[in-house]
Structures are given as C-alpha cells and as structure tokens.
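The structure appears right after this line, and notes come after that.
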Amino acid sequence: MPLVTPLASDENVEVAELAKFFNETLGFCPNSVLTMQRRPAIATAFINLNKAVMANEGRVTAEQKRLIGYLTSANTGCRYCEAHTILAAERYGGSAERLAEIWSFRTSDLYSTAEKAAFEFALAASSVPNAVDSEIADALHQYWDEGEIVEILGVISLFGFLNRWNDSMGTTMEDGAVDAGERLLSQSSWTRGKHT
C-alpha cells in the first residue's frame, strides 16, 4: 500500500497537460506524478525538470539516457524506476539484445566505449558514498563534452530524486511497468517488491 494515494490523472488541468509527455516515454502517466500532484507545484516542476533533462541537446540519445536511468535505479534498488526506465529504453529504440546485456556492458560489443564510460559514471555517481574518482571523470571527458556530461549527470540526479520518492512512497506500479519488468528484466533479480 502506498504511503500516499495517487490522485486521478485529470485532477489538475495544468499537471494533466504537462503529463502528456509521459504518454510518449511510457505510454501512461506514472503514479509518482499522480501522487506529486497533491502539491501541483511539485508535479509541474518535476515534469518540467524531467522534460529538460531528457531533451537531446548533444550526442546522448534518448535510449542512452533511459539506460543511464536504469543503471542508476538498479544501483540504488528502486524496483519501480527500474521497470519504468527499461520500458522507456525499449520505447526509444533499445534492442532486446542491448537491454538483455546492460549488466554486461563492460565486456559487450553492443556498447561503445563512450557508452561504457557514461555507464561507469552512472554507477559511481549513484553510489552512496559517491564513487566518482579521477579515473572515471577522465574516461567521461575522453568521450563526452561538458554539455553532454551535464545531460548525463542530469539523468543520474533526476533518478536519484525519483528513487528516493518512489521507494519511500511505495508507489503503486502500473500494469505497463509491471509487464516491462517481467518481460525485459526476467534475467535479473527484479521483482515488483513493495510497489503493489
């Protein structure tokens, strides 16, 4: 049972209009946003931040951003966000092979050296305590410019917020996310957990 019950998707006109963004990324509005709208300013600020972070301004693709979000969420143990990000990665072109090999990225030929540097950074930056060191930073700078690094860290930080929000809230997982978790994460230890 969630800590706070999500409101209906049409509860707030401004939030509902902004939340159409999630119809593209997930196919539905996540319950996390429907809970945030109990304070509409939080929901609208979050959606606008999400849109800004996920905008493609450089070479970091929409699929790569969702994989970075997935690694961040899995690293912190947020089952809710794991299912959402793997679903979004698939919707943005992630092949079954790439999605299945995400935890083998270090040795997989399906990922470029630039992606591997971004993924190592995601794991280090989402660790507690933070594990970003000069070696990880140097590798990141070798492949990505400073604007792209800001985009990558924006994704990691956005999911840091969402991981805390959804795990603390015990946000109820939507059917589409449950399906994605069961389909795309069957090779991992993923479960729905407390998000029932």
* Heavy-atom side-chain proximity of Met36 to Trp165 below 4.5 angstrom -> yes
_Step-by-step side chain to side chain contact (heavy atoms under 4.5 Å, CB included) determination, Glu135 to Asp138_ = CA-CA 5 Å; Glu135 182 179 335; Asp138 289 347; 5.8 Å; no
Within-4.5 Å side-chain heavy-atom neighbours: Val4 and Arg38: yes
Over 12 non-hydrogen atoms of neighbours within 6.0 angstrom of CD in Gln187
no
### Message
Quick one about Gln64 and Tyr111 (side-chain donor to acceptor, distance below 3.5 Å, no hydrogens or angles considered), yes or no?
### Response
no
When you look at Trp190 and Leu184, which way does the side chain to side chain contact (heavy atoms under 4.5 Å, CB included) test go after all the steps? CA-CA 10 Å; Trp190 185 86; Leu184 301 170; over 6 Å; no
Inset, instruction - Consider only side-chain N and O atoms of Thr44 and Glu14, and report whether a donor and an acceptor are under 3.5 Å apart. - result: no
#### Entry: Shared hydrophobic cluster, Phe22 / Tyr92 (ILVMFWY, side-chain heavy atoms < 4.5 Å)
no
Query - Cationic N near anionic O, under 4.0 Å, Glu120 to Arg106 - result: yes
Residues passing the ring pair (Phe, Tyr, Trp, His ring centres under 6.0 Å) test with Tyr80, sequence neighbours excluded, are His84, His195
Applying a strict under-4.5 Å side-chain criterion to I, L, V, M, F, W and Y, I'd like to know whether Ile68 and Leu110 cluster together. yes
**Asked** Do Ile42 and Leu34 belong together in a cluster built from hydrophobic side chains that touch within less than 4.5 Å?
**Response** no
With sequence neighbours left out, the residues meeting salt bridge (Lys or Arg N to Asp or Glu O under 4.0 Å) with Arg79 are Glu82
**Asked** Any link between Phe121 and Phe161 through a network of hydrophobic side chains (Ile, Leu, Val, Met, Phe, Trp, Tyr) touching at under 4.5 Å?
**Response** yes
Which of Arg98, Arg183, Arg66 passes salt bridge (Lys or Arg N to Asp or Glu O under 4.0 Å) with Glu90? Answer is Arg183
Requested in this report: Could you check if a side-chain atom of Tyr70 sits within less than 4.5 angstrom of a side-chain atom of Leu185, using non-hydrogen atoms only?
Outcome: yes
Only one of Asn163, Asn166, Asp167 passes side-chain hydrogen bond (donor to acceptor under 3.5 Å, both in side chains) with Ser73, and that residue is Asn163
